Amino acid sequence: MRIDDAKLKALISGAKKAGLNAYAPYSSYEVGAAVMTDEGKIYLGCNVENASFGLSVCAERVAIQNAISNGERRITAVAVATRDKDMPKPCGACLQVIAEFADESALIVTISENGAYDVRTLADYLPRPFKLGVD
Ligand code: THU
């Protein structure tokens with residue numbers, strides 16, 4: 001899947017902006033995510049932690065839930081921004097949720113603290129996602 005520069009920039013700035021709303025008092029690891037739909041719309045999300053740690057939700061899943069609850073069904077790219085000096089990697093749970101709504105060619109864009117970014121496909125991270133045969 002190809003993405004033009006303007007869309008890539010919009011995704012990256014959306015993910016960074018969403019990270020400003022991160023609620024991460026327990027880990028201090030603030031994450032923002034932006035997902036792009038098949039029609040080029042962007043939905044944002046941030047991580048939302050909880051005192052009962054297991055209830056915390058990653059930014060990617062919040063962004064996807066935002067898109068889906070606004071009626072979207074197909075995702076073509078996901079961007080994840082952190083203030084980590086190392087390049088972040090989406091967690092396995094988020095990859096499985098992305099795979100529910102995206103083809104293996106969907107782009108995963110990760111962004112580190114200094115603005116460096118990395119573009120790979122969903123298949124690079126999760127080549128054989130679990131599926132139940134529902135399209
Ligand atoms: N987190 C995300 O939001 N996305 C990821 O891909 C990995 C981890 C969040 C969850 C938790 O709030 C914090 O980062 C530390 O794990």
Side-chain angles (χ1 to χ4, degrees):
M1 143 94 202
R2 297 261 333 132
I3 187 166
D4 64 48
D5 270 2
K7 282 186 173 163
L8 181 61
K9 272 193 179 159
L11 257 187
I12 290 174
S13 65
K16 286 182 176 170
K17 183 178 158 206
L20 299 175
N21 292 329
Y23 178 74
Y26 304 105
S27 72
S28 297
Y29 192 81
E30 298 180 346
V31 188
V35 301
M36 184 165 286
T37 69
D38 49 356
E39 287 181 347
K41 277 188 80 171
I42 291 179
Y43 292 86
L44 305 181
C46 60
N47 56 335
V48 184
E49 297 187 346
N50 192 277
S52 178
F53 298 160
L55 301 183
S56 300
V57 191
C58 292
E60 297 91 315
R61 275 178 284 157
V62 172
I64 290 169
Q65 285 160 6
N66 186 14
I68 298 308
S69 52
N70 276 284
E72 306 292 352
R73 287 295 181 269
R74 294 310 298 165
I75 285 167
T76 55
V78 179
V80 191
T82 65
R83 299 216 199 119
D84 199 334
K85 61 179 173 20
D86 298 323
M87 192 58 74
K89 293 182 264 325
C91 81
C94 289
L95 292 169
Q96 178 64 34
V97 173
I98 294 167
E100 183 75 20
F101 303 107
D103 296 335
E104 60 175 23
S105 61
L107 298 182
I108 308 287
V109 182
T110 56
I111 305 135
S112 64
E113 182 193 34
N114 62 7
Y117 65 88
D118 176 71
V119 184
R120 294 174 198 242
T121 65
L122 177 59
D124 290 330
Y125 285 103
L126 190 67
R128 301 186 68 212
F130 174 70
K131 299 256 167 154
L132 260 184
V134 179
D135 269 336

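What you see is a predicted model, and the numbers here were worked out from it, not measured in a lab. Throughout, numbering of the chain's residues begins at 1 and tracks the sequence. Counting starts at 1 for both ligands and their atoms, following the listed order.
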Original post:
Under 3.5 Å, is there a donor-acceptor pair between the side chain of Asn66 and the main chain of Gly45?
Top reply: no

Original post:
Numbering the atoms of ligand 1 from 1, which are under 4.0 Å from a heavy atom of Glu60?
Top reply: 2 (C), 3 (O), 4 (N), 5 (C), 6 (O)

Subject >> Close-contact set for ligand 1 against Cys91 heavy atoms, below 4.0 Å >> reply: 6 (O)

Original post:
Can you find an N or O of Ser56 that's nearer than 3.5 Å to an N or O of ligand 1?
Top reply: no

Original post:
Does Ser27 offer a backbone N or O that forms a donor-acceptor pair with the side chain of Glu49 under 3.5 Å?
Top reply: yes

Original post:
Is the backbone of Phe130 close enough, under 3.5 Å, to the side chain of Gln96 for a donor and an acceptor to pair up by distance?
Top reply: yes

Original post:
What is the closest protein heavy atom to atom 7 (C) of ligand 1, and at what distance does it sit?
Top reply: Cys58 SG, 4.1 Å

Subject >> Under-4.0 Å salt bridge between Arg74 and Asp103 >> reply: yes

Original post:
Hey, are the side chains of Leu11 and Ile3 touching, using non-hydrogen atoms and a 4.5 Å cut-off?
Top reply: yes

**OP:** Look at atom 9 (C) of ligand 1 and say which protein heavy atom is nearest, naming residue and atom and giving the distance to 0.1 Å.
**Re:** Asn47 ND2, 3.6 Å

Original post:
Would you say the side-chain atoms of Asn21 pair up with the backbone N or O of Cys46, donor to acceptor, closer than 3.5 Å?
Top reply: no

**OP:** Considering the heavy atoms of Ala59, write down every atom of ligand 1 situated less than 4.0 Å from one of them.
**Re:** 2 (C), 3 (O)

**OP:** Write out the residue and atom name of the closest protein heavy atom to atom 14 (O) of ligand 1, then the distance separating them to 0.1 Å.
**Re:** Tyr29 CD2, 3.3 Å

Subject >> Residue, atom name and distance, where the atom is the protein heavy atom closest to atom 13 (C) of ligand 1 >> reply: Glu49 OE2, 3.5 Å

**OP:** Return the residue, atom name and 0.1 Å-rounded distance of the protein heavy atom closest to atom 15 (C) of ligand 1.
**Re:** Ser27 OG, 3.7 Å

Original post:
Any donor-acceptor pair under 3.5 Å linking the side chain of Thr76 with the backbone of Ala106?
Top reply: no

**OP:** Any atoms of ligand 1 less than 4.0 Å from a non-hydrogen atom of Pro90? List them with their elements.
**Re:** 6 (O)

